[in-house]
Each structure stands twice: as C-alpha cells, then as structure tokens.
Amino acid sequence: MKTIDLASSNRSFIQQVEEESGQDVSRCYQCGNCTAGCPMNFAYDLPVNRIMRLIQLGQKDTVLASKSLAYCATCETCTARCPNDIDVATVMDVCRHMARREGKLAVWPVRAFVGSFLKTVETFGRSYEAGTMGMFMAATGRLISDVDLAPAMLSRRKLPFMPHSIKARDEVSAIFKRFREGVHEQK
Amino acid sequence: MRIGVFICHCGTNIGATVDSAGVAELAKNLPEVVFATDSMYTCSEPGQDGIIRGIQEHALDGVVVAACSPRMHEPTFRRAVERAGINRYMFEMANIREHVSWIGKDKEANTNKAFELVRIAVEKLRRDRPLTPKYFPSTKRVLVIGGGVAGIQAALDCADAGIEVVMIEREPSIGGKMAKLDKTFPTVDCSSCILGPKMVDVAQHPKITLHACSELESVSGFVGNFEVVIRKKATCVDNTKCTGCGLCTEKCPSKKSFDRFNEGVGATTAINIPFPQAIPKKAVIDKSFCRQFVKGKCGVCAKVCPTGAIDYEQQDELVTVQVGAMVAATGYDLVDWKVYSEYGAGRYPDVVTSLQYERMMSASGPFGGHIKRLSDGKEPKNVVFIQCVGSRDVSIGRPYCSGFCCMYTAKQAILTKDHIPDSQSYVFYMDIRSPGKGYDEFTRRAQEEYGTQYIRGRVSLIYPKGDRYVVRGVDTLAGAQVEVEADLVVLAVGVEAAANSPQLAEKLRISYDKFGFFMESHVKLKPIETNTAGVFLAGCSQGPKDIPSSVAMGSAAAAKAIGLLSKDMLESDPQIAQVNINRCVGCAKCINVCPYKAIREIDFRGQPKAEVIEAVCQGCGLCNATCPQGAIQLSHFTDNQILAEVEALCRC
C-alpha cells in the first residue's frame with residue numbers, strides 16, 4: 001500500500017464535502033457500524049468507514065477514484081446506524097457528485113447506466129426501460145449481460161417495447177434544460 | 001477610607017491580554033484609593049505578602065484585588081487582609097480573568113473593561129462595613145442517600161469516626177449494583193464475599209440507622225442543621241416482627257413475580273427476600289403480583305408467618321430526622337437498550353444485558369452458577385459480547401463513555417471460559433479503555449490466556465437463525481464485514497444517572513448536568529463537594545466510575561462530612577439580610593419569598609415587623625429584591641451599593 005503523506009491533507013476537499021453534505025466528518029470515530037450494515041460492501045473496493053477516514057485525512061484523489069462511490073445504493077443503512085448522527089449516505093452522495101463533475105467516477109458502466117436512464121427520462125418524460133437497456137448496451141458493448149432477466153421482465157410487463165407517453169413531456173425536458181443552464185451559470 | 005488596589009497578571013493568563021500595570025496606574029485616580037500596584041501572582045506567598053505590606057505601609061482599611069473568579073481565591077485574600085489586621089469583609093474582588101482576559105483578545109478593550117470592573121469594586125468597597133461571623137451549633141449526624149458500595153463506605157467511615165449515620169435505600173436491601181455482580185475485575189474476587197461483610201457491618205454498627213424501601217421526601221434547613229423527611233414505603237411486613245425466616249416466601253402461591261434483584265432472570269415470589277445476604281433480611285411484598293392485592297384474597301403469608309409480621313393495611317410512614325451533613329450516593333441505572341431495534345429491542349430471549357449475565361453466572365443466582373440460555377436452558381457455546389451499547393452514542397443522547405464496561409466484558413469473557421471450557425467468546429469493541437492498576441494486563445489475559453476473540457468494530461444487526469442468532473458486524477482492522485453465529489449475546493449496556501436523580505437534586509438544592517449526574521463544586525479541586533454547603537457526593541451519582549473509585553469517593557465524602565461536623569460550632573457567613581425596623585411596614589412579602597424560612601414576623605410595640613433568623617439566612621437576597629420599602633437589606637449587597645456600582649459603570 002502507498003504511504004499517505006499526512007501533510008498532503010487537502011483541506012479544501014474536507015471543507016467542500018462538509019459544506020455540500022451539511023455533515024461534520026470529524027465526528028466520525030471509526031466504530032465501523034456503517035460498514036457493518038452496508039449491503040453493497042461485497043462490491044466495494046474501500047469499505048464506507050475507510051471512505052470516511054480518507055475524507056478526514058483529506059485524501060481527495062483516493063476517495064474520488066474509489067469504486068465504492070459508484071456502487072453505493074443510497075439505502076441509508078449507514079446513516080441509520082451511525083451513533084454520531086452523521087448522514088453517511090449523503091456524504092457518499094456528495095463524493096459521487098464530485099467524482100462525476102471531475103470526470104473521475106471510477107466505474108464506467110455505472111456512469112453509462114445512469115446516463116442512459118436519464119436520457120430516456122429527458123426524451124420521453126419518464127423512464128423507458130428498453131431504451132435504457134439499448135443505450136447501455138451500445139455504450140458499454142455489454143450485449144449479453146443480464147439478458148437472462150429479460151423473459152421474466154417481459155412476462156411481468158416490466159419491459160415494454162414502446163415508451164409510455166406522458167402529457168407534459170416538454171416540461172420534463174425543460175427541467176433538464178434548466179439544470180444544464182444552472183450548471184453553466186454556476187461555472 | 002484608605003483603599004489599596006492590587007492588579008494581578010496571573011502569569012500570562014491575565015497579563016497577555018490585559019495591561020495590568022496600566023490598570024493599576026489608572027486606579028490610583030479613583031476616589032479614596034491611596035495605593036495601587038500590579039503583581040505577577042497575587043495569590044502566591046510573595047503576592048499575599050505584598051498585600052499585607054501595602055496595608056501596613058499605607059495604613060489601608062480596605063482592599064480590592066482584581067484577579068480571577070472569587071469562587072477561586074476570595075477566601076485566600078480575605079484571610080490575607082485579616083492577617084494584616086483589617087476586617088476580612090473590607091475586601092472586594094474584581095474578576096478580570098474569567099470575565100475579561102479569557103474571553104477576549106483585544107488588549108485595549110480588555111484593559112478598559114478591567115479598569116471598569118476595578119472602579120465598580122472600589123465603589124462597592126467604599127460602602128462596605130466590617131462584618132463579624134456568627135457561630136451556631138450543628139447536628140452531629142449524617143444522612144447517606146443510597147446503600148450501594150459508595151454509600152456503605154461513606155456510612156461506615158462516618159460511623160467509625162463516632163458520627164451517627166442515617167442511611168436510606170430505595171430497594172429492599174442495601175448492596176446496590178455490586179451485590180448483583182458475580183465476580184469483580186481485575187482479581188476475579190467474589191463480589192458478595194467482599195461486599196457482604198461491609199453490608200453486615202452497616203446492619204450491626206450501633207451508630208448506623210438503616211431505612212430500606214425508603215426515599216427522601218423533603219429537605220429543609222441548611223448546613224449543620226438540615227431537617228429531612230424520609231418516606232418509608234409500605235412493604236406490608238412489620239420489620240420489628242419479621243425474622244427473615246423465609247417461610248412466607250416458600251408458601252407464597254404467586255411464584256411468577258418479576259425478580260428485580262435478578263434483573264428479570266428467572267422469577268420470584270410476590271413476598272420475597274431479594275437474596276440470601278440481603279440487609280436488612282426482611283421480607284417485602286410486591287403489590288403488583290401479590291394475590292391479596294391483585295385478586296383481593298389469599299392471605300397465605302399472614303397465616304404461615306410465625307411472628308404475625310404481615311400487615312396488608314400498612315401505610316407509608318414519614319420519619320423526620322435532623323442531620324448536619326448529607327452524602328448523595330444514588331448510583332446509576334442501565335440505559336434503556338431497547339431503543340436498539342437492530343439488537344432485537346428485547347424480543348430475543350438470548351440477547352441479555354451484562355447485568356443479567358452476572359446473575360446468570362452467579363452461584364447465588366437463579367441458575368445456581370450454571371450458565372444456561374433463557375430460551376431453552378441449553379449451555380451456550382458461542383458467546384458474543386457487544387460493547388458500547390448505549391455508550392458513546394450521540395444518536396441516543398448518551399455521548400459519554402461508561403468507563404467500566406471494557407473491564408467487566410473482559411471479566412465476563414474469562415468467566416465464560418471458566419464455566420464452559422469448550423466455549424468461544426467474541427468481543428466487539430470500539431476502543432479498549434483500561435486505565436487502572438492491572439487493568440490492561442487483564443484485558444490482555446482475556447485474549448492471550450483465555451482465547452477470547454476481540455473484534456474491533458460495532459455490530460449492525462442481530463437476527464435469529466434456527467435456535468441461534470447471527471451477529472453481523474465489522475472488523476475495521478481487517479477492513480471487512482464479519483458474521484458469527486451465537487448461542488448467546490451479551491450487551492455491555494451503558495450507564496445513566498439513577499432514575500429520578502434530577503428530582504432528588506432539586507430536593508437537595510444541588511446542581512445536575514444534562515444527563516442527570518450530580519455536579520461537583522469544582523471539576524478538579526472540589527470533586528466531592530457540591531454548591532450547597534454540607535451536601536457531598538459519592539459514587540456513580542456524580543458520573544460513571546468503577547468499584548475502587550466509588551469506594552474511594554465514599555471515604556472522601558465521609559472525610560468531608562467528618563471534617564465539617566468535627567467543629568462544635570459552625571461559622572455563618574455574615575453577608576445576610578437585615579431589617580431596618582423603622583421602614584418595615586409588616587407586609588410579610590419577604591416572609592413569603594424566603595426559600596429558607598429565615599424570616600419571621602414579630603410584634604414590635606403592637607406593630608407587625610419582619611425579623612431575620614441569622615443562623616438560617618443564606619444571603620440569597622430575594623427578600624431585598626422583594627421589599628417594597630427597601631427596609632430589608634442584604635449586607636454587602638445593599639440597594640445603595642448596587643446603585644453605586646451601576647452609577648460607576650454608567651460614568652465610564
């Protein structure tokens with residue numbers, strides 16, 4: 001493992017995480033209860049308590065490069081269990097947003113999936129599963145993964161071929177437009 | 001008047017942010033000030049000598065010291081001026097440390113404020129007059145509230161010093177939590193073997209009167225002369241007749257009563273003696289289970305009692321006692337751990353508290369010293385201990401460390417291996433806190449000699465699987481989630497102040513913190529005293545502590561009480577209220593507001609007038625603020641003095 005230079009602590013990163021999440025990360029005393037209850041821990045490269053510790057140490061690059069940020073399901077078990085009332089799930093969420101903004105979100109398929117899903121919502125006003133699937137496959141080249149789930153989803157009518165239309169489709173895409181403009185304004 | 005002013009630097013405490021020499025220079029221009037100087041440490045021996053020299057060389061008859069809080073050194077300086085031959089009440093103190101230098105960094109503003117405080121003190125001193133304390137006798141008897149090990153120690157030490165002790169205990173027996181323990185760390189001594197003799201000493205000591213099943217009803221009076229009323233709750237058994245033979249408990253048909261002493265492990269009878277070594281060894285009836293009370297008929301115990309001690313009609317009794325000092329040793333209770341739904345919230349029979357586990361292991365407990373599961377009576381093989389349940393947990397409002405759980409968990413793990421050699425214990429911990437003689441070595445023994453597996457991390461979930469339980473937690477050192485199947489889970493439940501501690505504190509007129517623990521007078525230097533003279537603290541009532549600390553504090557409280565009552569006459573503070581009889585109109589408003597009942601109505605040439613009972617007045621000043629005529633004045637806090645201070649401040 002790489003040696004952490006404690007003096008390299010990125011204080012503005014700590015401050016940014018605290019400001020965006022509204023949480024005081026120094027309250028974490030590493031009991032590990034967030035990790036103890038985490039149902040996604042099996043997929044993580046860094047357990048959530050270590051993410052918290054690395055944030056305290058200001059290790060921005062290590063945190064934002066962690067796959068755990070992408071895999072977090074925001075189930076909030078960590079938040080519920082934290083004895084120090086830290087909203088850990090929000091801290092994870094904030095880090096995920098930072099990683100995305102900086103183009104660092106470590107797991108490409110997760111990024112592709114989220115992008116595909118949002119694209120269908122923007123276009124059709126609500127989610128369109130077949131479209132999400134198609135775009136995700138096209139983007140990642142994962143043509144056969146999870147195809148085994150298709151028959152069951154079809155039989156339960158969870159995977160319609162045509163998108164559902166909603167009345168105020170334009171208003172939903174206007175939300176996306178406004179969001180993009182807002183992001184530009186912020187920049 | 002010739003006033004001297006002394007401005008302290010307190011090293012850099014004051015000197016760093018206040019120009020002490022400059023304040024002294026300014027003070028020279030204040031009215032009647034004939035001498036002003038600054039010194040590095042005014043409270044030190046050369047500092048005090050400087051005051052004495054100043055008084056002698058400049059013929060001073062009043063002194064102002066601007067330094068720390070009067071709570072810290074007012075008595076020191078009063079003694080110093082007295083040594084130089086002036087009345088000790090011709091002294092005023094300006095607090096330029098806690099009220100100035102420690103709270104601001106702006107040196108100019110601080111120096112100005114320090115001078116303003118000195119100016120106020122000088123104006124007050126100009127209107128002071130010499131006062132002489134009165135002396136009053138005290139009652140050489142101590143009330144000890146709580147019969148745990150801390151209270152027992154305090155009572156025995158007082159009694160051995162020849163002072164009468166009245167001990168009250170809420171439960172049917174003294175012994176407190178220690179009586180429930182199987183063994184004690186780090187020596188694995190049998191708890192009842194070392195506590196039992198002390199309990200017997202309490203029962204047999206000619207100087208100790210014990211009231212069990214009793215609570216403090218009310219307190220009046222003041223240091224040296226408290227009058228306390230004790231409520232002796234009806235136990236339906238006449239203690240003068242009961243011999244503790246136990247025949248009633250054998251015959252009692254209500255055998256499913258909640259066993260308080262055994263923490264609900266097993267059951268007891270509605271009429272019971274809590275445990276074999278109970279002091280006093282008298283039966284008590286639990287009315288919520290007794291058939292005579294629940295169903296209205298039974299009377300078996302009354303029939304079998306050979307001495308006719310049973311009295312279903314017994315009522316609470318109020319006993320009034322005069323005491324000179326009081327020791328509050330009310331101990332602790334366990335945090336309500338059932339707020340943790342992830343640990344089953346009490347639904348799983350084999351998830352028990354550490355105190356229940358003590359009773360399960362104890363040879364005098366319901367299982368006779370053989371550890372059995374509460375669900376099916378089987379011997380557990382895998383035992384999981386979870387520490388910090390209700391400790392260091394901000395989310396349930398218990399942010400403090402309970403102090404002794406690390407140690408008793410190690411002890412319980414060792415004892416588990418002793419009882420069941422083929423068992424395996426796991427301890428989930430956050431940090432091992434073992435700062436005591438032989439303590440850390442003890443936790444190492446649990447791991448190295450007894451093979452206890454220590455896992456650093458919390459437990460997130462317990463769920464049943466077949467007749468066992470899956471405990472899911474984390475090992476933060478390994479960086480992995482861990483799971484273990486357990487036959488028994490023991491929760492090291494944290495400590496909170498004993499139930500109703502705040503209500504008791506209000507009766508005793510002492511302070512308590514936001515968790516209900518009683519507040520000591522000074523966190524470092526007066527850990528036994530409270531802010532009410534004559535009331536002392538012992539044991540966990542002040543905060544979590546282990547047995548040796550509780551015993552030490554019990555002895556310390558006794559030493560304080562003995563020291564107080566060793567004087568034949570106690571000195572009263574002469575800063576008390578006085579009535580100007582010419583102005584008093586006899587409206588009695590002061591009599592109504594006085595919290596100490598220190599003012600009485602007298603007949604003065606056919607007119608009603610107020611009179612202060614000097615030994616009782618505590619100088620709180622409520623009467624002074626209430627009197628519409630300004631007839632009753634608190635010495636050294638008169639209306640004129642306060643107005644002069646305000647005027648001095650307004651002129652700054």
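Lettering of chains follows the sequences in order, A, B, ..., and the numbering in each one begins at 1. Atoms considered below: every heavy atom in the structure, side chains included; atoms not considered: hydrogens, waters and symmetry mates.
- With a 4.5 Å cut-off on non-hydrogen atoms, A/Cys38 touches chain B through its backbone and its side chain both.
- One distance of note links CG of B/Asp475 with OG1 of A/Thr35; it measures 11.0 Å at 0.5 Å rounding.
- Residue A/Asn84 touches chain B through both its backbone and its side chain, counting heavy-atom pairs closer than 4.5 Å.
- Shortest non-hydrogen contact noted between B/Ser460 and A/Gly37 is OG-CA, 3.0 Å.
- Taking chain A as the reference chain and counting heavy-atom pairs below 4.5 Å, the highest number among B/Cys388, B/Gly473, B/Pro399 is found for B/Gly473.
- Within 6.0 Å of atom CG in A/Leu143, more than 12 heavy atoms from other residues, nucleotides or ligands are found, so the atom counts as buried in its surroundings.
- In B/Lys381, the NZ atom is crowded: over 12 heavy atoms of neighbouring residues, nucleotides or ligands sit closer than 6.0 Å.
- Taking a 6.0 Å sphere around NZ of A/Lys104, one finds it holds more than 12 heavy atoms contributed by other residues, nucleotides or ligands.
- Neither the backbone nor the side chain of A/Tyr44 comes within contact range of chain B; no heavy atom of the residue lies under 4.5 Å from a heavy atom of that chain.
- Put simply, CZ on B/Arg458 and CG on A/Asn49 are 13.0 Å apart, with the number rounded to the nearest 0.5 Å.
- With a 4.5 Å cut-off on non-hydrogen atoms, B/Val459 touches chain A through its backbone but not through its side chain.
- In this structure, the portions of B/Arg392 lying under 4.5 Å from any heavy atom of chain A include both its backbone and its side chain.
- Enclosure of atom CD in A/Glu102 by more than 12 non-hydrogen atoms of other residues, nucleotides or ligands within 6.0 angstrom is indicated.
- The contact between A/Arg27 and chain B is made entirely by side chain atoms (from C-beta outward), counting heavy-atom distances below 4.5 Å.
- Taking both residues in full, the closest heavy atoms of A/Asp85 and B/Ser395 are given as OD1-CB, 3.0 Å, listed atom of the first, atom of the second, then distance.
- Ranking A/Cys31, A/Cys34, A/Gly32 against chain B, the residue ahead of the rest is A/Cys31, based on heavy-atom pairs under 4.5 Å.
- Residue B/Leu477 touches chain A through its backbone alone, counting heavy-atom pairs closer than 4.5 Å.
- Annotation: B/Tyr429, atom OH; neighbour count of heavy atoms from other residues, nucleotides and ligands within 6.0 Å is above 12.
- Here the closest heavy-atom approach between residue B/Arg456 and residue A/Tyr29 is recorded as NH2-O, 3.8 Å.
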